[in-house]
Amino acid sequence: MKIGLKEHNLLVPPADKVLFKKLVQRELDEIREEIQETCAVAKDVSPAPESAYNETVSLLEQIPRDVPMPDMMWLEDGGIGLEWRPGDGIVTMSLYGDNLVTFVTVLDDQHEIAGTCPLSDTILLPSFLATLPILFRENP
Amino acid sequence: MNDILQDEILTRFIFSSKHFARGNQTVKFRAFMPPQVSKDPPTYSDSLSVYRISTIPDGEVWEIGRVHVETESRFIKARADISAGDVYKNKLKVIPDMQPHERHVNITPFPADRLACQRIATKLARASKLVVLPEKI
């Protein structure tokens, strides 16, 4: 059993790209291992394709540096999920190796965004990612 | 069993430590994604299996999971408790199933497409409360 809890909303220093890549790779390696273990014993779980891992790295490299690392998880239908919890809100993203990203933000009952677009999209995706730092900015 | 009131608590059992976070006591959205029924195009089951747990002690809740949900190779690590009212807010119903246990119910109807499912799963995860399986002494 692992000792110690993940410190949530931990910022990776903007200049520390090496650390950032190491953290991402470590998380994805853990996910890969857990998927393999689960697929060996459960028939209703689909492994995420390698392209989903690559897409996750690519997406995380686009995320502004003043946004904490997300929680990463495997999805039983063959995807990789990302999740943030800014305050009382929640942001989720999912990637399945098909060059599409699905994203949802819920701040409260009346504030919600959701969409799907190609990872190469130059309008919707950057606009969505640009909202993330705002959500983590501390209120005065 | 009677109609399910708004303040009744339902629970979804969780098998992976990646699907919840102890640090900030949250349930990840994946816990509330229904099973996929086809890959191309990706479509999802219209129902999600949960259990009614109001009025029974915690030990009995875990026992339901151990007997009726766990398998030989997949073990429960935590659960996500959510009120029926939070389910109803998302225009979903809670339908008794009674199998494999009289407290088994289904949240339905989930939409078939991925984006709509993820939207609902995200909202349910936000509304839910994490309960981690106590460690055996």
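Both backbone and side-chain heavy atoms feed into the values below; hydrogens, waters and symmetry mates do not. We name chains A, B, ... by the order of the sequence lines, and we start the count at 1 in each one.
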Report task. Please look at A:L82 and chain B and tell me whether the side chain, the backbone, both or neither of the residue comes under 4.5 angstrom of a heavy atom of that chain. Result -> backbone

Query raised in the report: At what distance, to the nearest 0.5 angstrom, does CD of A:E76 lie from NE2 of B:H19?
Result: 6.5 Å

Report task. Determine whether B:I76 and B:I9 fall in the same hydrophobic cluster, where Ile, Leu, Val, Met, Phe, Trp and Tyr are linked whenever their side-chain heavy atoms lie under 4.5 Å apart. Result -> yes

Query - Part of A:T105 within contact of chain B (heavy atom distance under 4.5 Å) - result: neither

Report task. Starting from the C-alpha separation in whole Å, work towards a yes-or-no answer on side chain to side chain contact (heavy atoms under 4.5 Å, CB included) for A:D109 and B:K89. Result -> CA-CA 9 Å; A:D109 288 348; B:K89 268 191 209 176; 3.7 Å; yes

Query - Side chains of A:T92 and B:Q118, donor plus acceptor under 3.5 Å - result: yes

**Report entry** For the student: nearest non-hydrogen atoms of A:D98 and B:R114, plus distance
**Finding:** OD2-NH1, 3.8 Å

Requested in this report: Counting only heavy atoms closer than 4.5 Å, note whether A:L107 contacts chain B via side chain, backbone, both or neither.
Outcome: backbone

Report task. Measure A:V101 against the heavy atoms of chain B and call it side chain, backbone, both or neither at under 4.5 Å. Result -> neither

Query raised in the report: What part of B:R74 lies closer than 4.5 angstrom to a heavy atom of chain A: side chain, backbone, both or neither?
Result: side chain

Query - Within one Ile-Leu-Val-Met-Phe-Trp-Tyr cluster: A:L100 and A:L129, side-chain cutoff 4.5 Å - result: no

Query - Over 12 non-hydrogen atoms of neighbours within 6.0 angstrom of NZ in B:K93 - result: no

Report task. I would like to know whether B:F29 and A:L75 meet side chain to side chain contact (heavy atoms under 4.5 Å, CB included); could you show each step before the answer? Result -> CA-CA 10 Å; B:F29 78 95; A:L75 304 173; 3.9 Å; yes

Report summary line: The interface call for A:E112 against chain B, heavy-atom contacts under 4.5 Å, is side chain

Query - Max heavy-atom pair count under 4.5 Å with chain A, selected residue of B:R126, B:Q36, B:M33 - result: B:R126

Report task. Would you mind telling me which of A:S94, A:A114, A:G78 has the largest number of heavy-atom pairs within less than 4.5 Å of chain B? Result -> A:S94

Requested in this report: Could you walk me through whether B:Y44 and A:D77 pass the side chain to side chain contact (heavy atoms under 4.5 Å, CB included) test, one step at a time?
Outcome: CA-CA 9 Å; B:Y44 294 81; A:D77 52 350; 2.4 Å; yes

Query - A:R85 side, atom CZ; B:N24 side, atom CG - distance, nearest 0.5 Å - result: 7.0 Å

Requested in this report: Identify the heavy atoms of B:A125 and A:I90 that sit nearest to each other, and give their distance.
Outcome: CB-CD1, 4.2 Å

Report task. Select one option (side chain, backbone, both, neither) describing which atoms of A:F103 are under 4.5 Å from chain B's heavy atoms. Result -> backbone

Requested in this report: Output the distance between atom CD1 (A:I35) and atom NZ (B:K18), rounded to the nearest 0.5 Å.
Outcome: 10.5 Å

Query raised in the report: Where does B:S16 contact chain A at under 4.5 Å (heavy atoms): side chain, backbone, both or neither?
Result: both

Query raised in the report: Above 12 or not: heavy atoms from other molecules or residues under 6.0 Å from CZ of B:R119?
Result: no

Query raised in the report: Out of A:E34, A:E83, A:E37, which one racks up the most heavy-atom pairs below 4.5 Å with chain B?
Result: A:E83

Query raised in the report: Should we count CG of A:D44 as having more than 12 external heavy atoms under 6.0 Å?
Result: yes

Query raised in the report: For the candidates B:S17, B:P35, B:S73, which exhibits the highest count of non-hydrogen atom pairs separated by less than 4.5 Å from chain A?
Result: B:S73

